[in-house]
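Working notes, beginning with the structure itself.
Treat the numbers as computed from the prediction; the structure is a model and nothing was measured. Atoms within a ligand are numbered from 1 in the order they appear, just like the ligands themselves.
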Amino acid sequence: MRTEIVERPPILRSINPATGEILGEFKNMGEEEVKEAVKKAKKAQKDWGKIPIKERGRWILKLKEHIRKNIEDIADVISKEKGVSRFEALISDVFPILDLADFYAKNTEKILKREKVKIGVWNILGRESYIEYFPYGVIGIISPWNFPFSIPMGQIIIALMAGNTCVLKPSEFTPKTGILIKELFKDTGFPEGVCEVVTGDGLTGSYLVKSGVDKIFFTGSTQTGKIIMKTAAEHLVPVVMELGGKDPMIVFDDVDIDITTDAAIFGAFFNTGQVCASVERLYVHKKIYEEFKRAVIEKTKKLRVGFSSSEPWGYEIGSVISEKQLMKIKEHIEDAKEKGAEVIGGEIENLFVKPAVILNVDHSFKVVREETFGPVLPIMPFETEDEAIELANDSEYGLTASVWTKDIKRAKRVAEKLQYATVMINDNLITHAIPQVPWGGVKNSGIGRTHGKEGLLEMVQVRHVHTNKLGQKMRAPWWYPFSKEKYEFALSLTNLLHSPSMKEKIQAFLGIAKNFSKISKQKLNE
Ligand code: NDP
């Protein structure tokens, strides 16, 4: 058999998937270039890590203002690279970053402040402890294309506030946004090397994992996440994994149908359904199922599919990102049709897909089990609260779920039983944009957190500092040489601290008092 050698292309071409317009050419970087970027970031971290948190905060607020002033231009680059409306890019990719920058600039010092720890009996024995946090060094960030600005930029800001520097590998579909991020830091006047960007394909990403970075923040598919974890394990690099989802929306029979159907459609089709937290499964109470599905279908038909940069509000549904993505959507729709489902919409033209509503489906369908990542919404009825919970939990994923009802008590009761890292009540999609709360997944949706206090703590290591205040005054009773008195002392101490009987405690105390002065004089060079 002939061996075919396929050369790796040296250049990535960024193309607007909606129009085919070429937006730029970027290097498909190799191992040496990645190592060089990491070297620069390591060098920069030495100084950046010493800057007081307050001053880092001032830098981040400067960056925030630069982003705010250029918000439309930034959203324009993102919108063209993704093929979705500028309005969408503005509200989901850029706007949340302003709030996030503000939150971390003003709260990092408080969250990372040195903390005294109560150490129980050890405090009585003259010891005290505190914990403090210190940066990892260089954080490697590998990002997807679906939010090419808000996902990496949020992680970069948090990393920098914690005293790290970063190297970002953006998706091969959105290198222009990646380079834009680097330029924003440069234009704000940040020291060189604080935020490096390496453009390239998956191989460039794999070089980053083994390049000597101190931690990896990966956002992308569960499949790629597993590959990265394997490489990271070989180099013992810790990871945070933000992975895929198949998020359920549970609708009870007391909802306002008009509002809730609007929410379902937005949750399913926003960003052309290419959101990890998209509503990918809709469960509606049997009592209102017919009316609800009719309204969803009617409203879905009204959504405008297309792309316009001159009129950013002109279309609700942009293109999908790539042929590969389109194939996945097609496969799920075909599988549903073959198994007898009713598909309304779903027509394909170039990289545009008319939003599809799918009825008569169950959990044996691909569109219900696998992440679709497109404008496709399967709707299923349920009868009881327990059934809804069981259906929602019947998934390998656990990113976000939403519960819709006027009965908040019921919603909280349901939330408690959902195996998801985020549960929203009468809301969906939104929480990645709330920087104060943790973002992440359980099950196959991820490991670790970004955002919130928890996300900041992922960016630092913990140092425990322990002081023995008597350390220069006396020897510890468990040091060498061992002796009968020390042995008895250990037994007495055990009883003094842990015996439930007062009589035993008193006897133990007397035992300690008896042996203590002897023990304190016992030393090796007697
Ligand atoms: P991929 O997993 O295909 O890619 C993500 C990133 O990893 C890209 O930069 C990609 O580069 C890179 N990559 C690919 N192979 C490797 C490798 N072997 N080593 C290192 N890096 C590699 O995901 P998508 O970009 O297609 O994004 C969609 C997925 O992301 C969905 O599953 C979605 O649910 C998930 N996601 C999760 C989020 C969350 O917060 N939980 C948020 C957003 C998306 P390249 O592009 O060149 O292939």
- Message: Does ligand 1 come near enough to Leu399 that some N or O of the ligand is less than 3.5 Å from an N or O of the residue?
- Response: no
- Does even one non-hydrogen atom of Ser143 get within less than 4.0 Å of ligand 1? yes
- Those atoms of ligand 1 less than 4.0 Å from some heavy atom in Trp145: 24 (P), 25 (O), 26 (O), 27 (O)
- Note on the structure: Near Thr219 (heavy-atom distance under 4.0 Å), the atoms of ligand 1 are 5 (C), 37 (C), 38 (C), 39 (C), 40 (O), 42 (C), 43 (C)
- At under 4.0 Å between heavy atoms, what of Thr204 touches ligand 1? The answer is neither
- Considering the heavy atoms of Gly205, write down every atom of ligand 1 situated less than 4.0 Å from one of them. 19 (N), 20 (C), 21 (N)
- At the 4.0 Å heavy-atom cut-off, does Gly440 count as touching ligand 1? no
- Does an N or O anywhere in His432 fall below 3.5 Å from an N or O of ligand 1? no
- Mind checking whether Glu172 has an N or O less than 3.5 Å away from an N or O of ligand 1? yes
- Item | Location of contacts on Ile142 toward ligand 1, heavy atoms closer than 4.0 Å | side chain
- Task: Give a yes/no verdict on whether any heavy atom in Phe147 is under 4.0 Å from an atom of ligand 1.
- Result: no
- Message: Could you identify the single nearest non-hydrogen protein atom to atom 3 (O) of ligand 1 and state the distance to 0.1 Å?
- Response: Thr224 OG1, 3.8 Å
- Task: May I ask which of Pro148, Pro152, Gly220 has a heavy atom nearer to atom 35 (C) of ligand 1 than the others do?
- Result: Gly220
- Parallel, tilted or perpendicular for Phe190 and Trp48, by the 30°/60° rule? tilted
- Query: Picking from Thr174, Val77, Asp73, what satisfies side chain to side chain contact (heavy atoms under 4.5 Å, CB included) with Leu180?
  - Reply: Val77
- Within the structure, does Trp439 bring an N/O atom to less than 3.5 angstrom of an N/O atom in ligand 1? yes
- Note on the structure: heavy-atom search around atom 41 (N) of ligand 1 in the protein gives Leu243 O, 2.7 Å
- What do we get for Asn146 next to ligand 1 when only non-hydrogen atoms under 4.0 Å count, side chain, backbone, both or neither? side chain
- Of the side chain and backbone of Ala277, name the one, both, or neither that has a heavy atom under 4.0 Å from an atom of ligand 1. neither
- Task: Among all protein heavy atoms, pick out the one at the shortest distance from atom 36 (N) of ligand 1; state its residue, atom name and that distance to 0.1 Å.
- Result: Cys276 CB, 3.6 Å
- N/O separation below 3.5 Å, Glu371 to ligand 1: yes
